[in-house]
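Here is the structure we will look at, set down as structure tokens.
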Amino acid sequence: MLSTALKDFAEQQPYRTISDTEFRDIAASLYNDFFVWVAESVLDPVPRLWAEVTGPSALGQFDQMIDEIEALQDGPRTKEHLTYIEHKMRQAQKFWGEIVADCPVRKQVTVKNRRIFHLGRPVDSGVLTRFRAKLADVLDGADIEFVFPQNPEKVQPSRNQGKISSLFPEDEESETHKPPKSMLTESKEETVAPKTPWSEWLDQGEIEIVTDLEGFRAVVNEASKVGICGLDLETTGLDPLAAKIRLVQIGIPKYPGSKRLVDEAGKSPVPGGSAKAYVIDLFALSADERKEIVEILVALVGDPNVIKIGHNLSFDLGFIRASAGRRIPMRNLFDTMLASQLVWAGFFKMEPTTSKNSKYRFKEVYPKHRLSDCVDRHLNVKLDKTGQTSDWSAETLSHDQILYAAKDVLVLPILYEILFDLIRRNEMEEAARLEFDCLPSVVEMEITGMPLNLTATKALLDSLTRERDELEIKLIGMAESSGCEFKTIKDVRKGVPGRFNPASIPNVLEYFNHVGHSVTDTRDETLQDLARAGDEFARLLLGFREKTKRVAFLVSWLEKTGDDPNGYAHLRSSYRQLGDKGVGRFTSSDVNLQQIPRTKEYRELFEVPEGRCLVIADYSAIELRIMAWLSGDPTMVTAFQNRQDLHRLTAAAVGRKDIDQVSKDERQASKAINFGLIYGCGAQRLVDSAKYDYGVDMSLTEANRAKKAFFATYPKIEEWHQKQRSLMDSPVPHWFHHHNTGYYSVKLVSVTIPPGRKRVWPWFKGKTLARFTMLANSPDQGIGASILKRALIRVYDRLLEYGWDDVYLAANVHDEIILEGPMEKAETMKEMLEKEMVLAGAEFIDPVPVEVEGNIGTSWAEK
DNA sequence: TGGAGGTGCAA
DNA sequence: TATTGCACCTCCA
């Protein structure tokens, strides 16, 4: 099991001394294999629980062995030490083998809500009772049942003795279904997906091609009668403003008497249930008919009595809205992608990397949420992905294309049931509602984008490029005339071979070391220190870095918008409502509107043409207000209610002086303290942040004192921190689903973020991967996200209600919402935006007041 | 060509 | 033990 690297090495040259590199290579390989083994086998909780009952000391001994092995990495760089490490690893594996062998559980079966454990030998009843209690603790909500062997003597140890079905069944599945390597390389196609209950169910699903308007109306009528349908589009491209809708697919479930398609355990189809897919090809219709189809879809999307299930609905809704050419109501949506992201709640696995650096040996791997991933995970059905990328603008579509399109929509009602069950079991209904209701705003922001002055952007790009080039020449000159011989210059840049490259970190480090600065990194703060000490190269390099970065920004913006004769365009972005970590903040990408440099130079490029305006509103100190609400600290709550400046208040408390006596520096330092507390940071980090983010020098002693004073002033915050810290010791059940096991719950460290979003952390090497800082920060950031989402929903509703078709939701940046509209409406827009944002905040953190600052301007710089 | 590593932008 | 996330650049297999 362990790597053969060491053996090979020993046989080759037993007496050769080992270089550091060789040592690291061999050790890395050993450790990699070892920790993969740890991750795979030690994670299984059942033998652990058994050991806890029958011999906790053995378990402690084992954990200690693992710790020791980890520590051995820092030992001497000798062959003997490597041999010793490997010996220790074998010992630990053997030891674990004994623990596993001692555990009587031979098989685990899940039937509905029952977990049946097949035992390989008789077990003392007292021990069994305690074991049951342990299991019950972990497998919350399951009935635990033990099955004893008929003839204990004859019971053969199972082939996988000791390898009990994992709590995370998808791991096993992916192992068993992984084809041998040769299959992957030799036969690229023709790997026939295995027949499974759900794939057969799908194959029996009916598909009807609809060819006229009346037929399509009938389909939508049927959907309204049933009250639920799957909705999917195939389009000729990804951009709703440039591409066209080709196919519309609607999937309608046919329920058996039980009103369910999936059985209660979540494992198999209920007999008698089925679904029918209707497909209509818009290219086979006249322009007028297509318009009519779009209007029928608009009515369907806006019908509050019909649930529309879709995967990544913002895509389909974007096309429907763009085709309709106006803002439309969208009600009763269920997005299976968002649902999947919600129920996985930030869960991840640790997987080994190829990295030799011990710090990066494992990386976090998050579940994917494409339709094919979800269907594979929950239904054991392999969806062909070629359908998605096939040519949807061809004159006639192939039979297969239609079939794939239909399957996508047949699968939706099943996924809906399973994911909805998970949402219910995890009590996340409100959170799901919030996400689904937010879809219309997301669609609008993606279609609208931020106005950009192209002429000004090009001008700035020109001057920045010039400045960057000048700096680059100066830096190359300085480096090459320094007499330093660069060993790290390898590649060719801009067609000039072998020049010093100021963007290359190794090059820069070589230069600095040559001129006598012993630096090991080239981070901003390091360069600033050098620059302050009078190093011209460092000063210029800082400028070069900044210009390079910003040139890249501007280039990407101009590429994205293309040219426009008016000199203005809209820079559009993609939004994700939910990130991997389960906190709930929006992310923006392609281009990222949430990372525009906060300087006038760049923000004023986002300018509106004559007659239009931007209304920009942001929440003031929202995360601190949320912290006040979370902790209920009376001093802080009162301060906000009295509209006091919290940074000054903190500064006064820390400096033991009157609030009027607080100096500017002290207020800056307090900002570092107040923000630091939101993240639960330590004193050293406080010192660094005060220096680099707020330009204030603070000693470590001062930082410690400040922390103490802070918690003395706001005692409830310290209490709340303790409460969050204690979550580490009280894991709670979280429900998952997999086609193998159906629904199953795992006890995990978890936080709940109003209105019910969850974030959970997996176990690794017997410990939770949750950290105090994350437990302290997630609810704060998460509530901020919830407030913003509620605000977006409210604003969209008002825009619809008022019929303001010339006002658009343009963007959001975590605590900021931007509207674009006609200048005449500026004041009303601002009033509406501020009001809705305040009301959204109050929904979550009343009685802590929420303040919103709105600004009217012609560019983003005016705020 | 893609992952890893480093860096920096925003909230 | 300061959080979240995206993007660009270089280096290397």
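Convention: sequence-line order gives letters A, B, ...; per-chain numbering from 1.
Following rounding to the nearest Å, A:Lys363 (NZ) and B:dG3 (P) show an atom-to-atom distance of 7 Å. If you take CH2 of A:Trp860 and P of B:dA10, they are 11 Å apart, rounded to a whole angstrom. A:Arg468 places its CZ atom 12 Å from the C1' atom of C:dC9, with the value rounded to the nearest Å. For the pair A:Ile673 CD1 and C:dA2 P, the computed distance is 15 Å after rounding to whole Å. Taking atom CZ of residue A:Phe362 and atom P of nucleotide B:dG3, one finds them 19 Å apart after rounding to whole Å. Whole-Å rounding puts the A:Ile753 CD1 to C:dT3 P distance at 15 Å. Distance, A:Gln594 CD to B:dC9 C1': 11 Å, rounded to whole Å. Rounding to whole angstrom units, CG of residue A:Asn501 and P of C:dC9 are separated by 11 Å.
For the pair A:Arg550 and B:dG8, the criterion of a side-chain N or O lying under 4.0 Å from OP1 or OP2 is not met. Residue A:Ser504 places no side-chain N or O under 4.0 Å from the OP1 or OP2 atom of C:dC9. Distances shorter than 4.0 Å separate some side-chain N or O of A:Arg545 from OP1 or OP2 on B:dG8. Contact annotation: A:Lys581 side-chain N/O to C:dT3 OP1/OP2 distance is not under 4.0 Å.
By the 4.5 Å heavy-atom criterion applied to side chains, A:Tyr692 and A:Gln528 are counted as neighbours. When side chains are defined from C-beta on, A:Ser574 counts as touching A:Glu446, because their heavy atoms get closer than 4.5 Å. Under the 4.5 Å side-chain criterion, counting only non-hydrogen atoms from C-beta, A:Tyr679 is in contact with A:Glu623.
Within 4.0 Å of A:Arg725, counting heavy atoms only, lies no atom of the nucleic acid at all.
On a pure distance criterion of 3.5 Å, no polar donor-acceptor pair joins the side chain of A:Gln781 and the base of C:dT4.
Although no hydrogens or angles enter the test, the distance criterion places a donor-acceptor pair under 3.5 Å between the side chain of A:Ser699 and the main chain of A:Glu702. Counting only distance, with no hydrogens or angles, the side chain of A:Ser573 and the backbone of A:Asn592 share no donor-acceptor pair below 3.5 Å. Judged by distance alone, with hydrogens and angles left aside, the side-chain atoms of A:Ser670 form a donor-acceptor pair with the main-chain N or O of A:Ala651 at under 3.5 Å. Here the side chain of A:Arg585 pairs no donor or acceptor atom with the backbone of A:Gly579 at under 3.5 angstrom. For the pair A:Ser859 (side chain) and A:Ala861 (backbone), a donor-acceptor distance under 3.5 Å is present.
Checking B:dA11, B:dG8, C:dC8 against every side-chain atom of A:His814, the shortest atom distance belongs to B:dA11.
Between A:Leu439 atom CG and A:Gln577 atom CD the span is 5.0 Å, to the nearest 0.5 Å.
Residue A:Phe764 forms a ring pair (Phe, Tyr, Trp, His ring centres under 6.0 Å) with just one option from A:Phe347, A:Phe348, A:Phe362, and that option is A:Phe362.
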Ring pair (Phe, Tyr, Trp, His ring centres under 6.0 Å) assessment of A:His721 paired with A:Phe711: CA-CA 10 Å; A:His721 274 186; A:Phe711 286 127; 5.7 Å; yes

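Between the side chains of A:His814 and A:Gln781, not a single donor N or O lies within less than 3.5 Å of an accepting N or O.
Proximity of residues 675-703 of chain A to DNA chain C (heavy atom under 4.0 angstrom from any strand atom) is restricted to A:Phe675, A:Gly676, A:Tyr679, A:Cys681, A:Gly682, A:Arg685, A:Ser689, A:Asp693. Taking every heavy atom of residues 767-780 of chain A and every atom of DNA chain C, pairs under 4.0 Å involve A:Arg771, A:Phe772, A:Thr773, A:Asn777, by number. Taking a 4.0 Å limit (strictly below) on heavy-atom distances, residues 519-529 of chain A does not reach DNA chain C anywhere.
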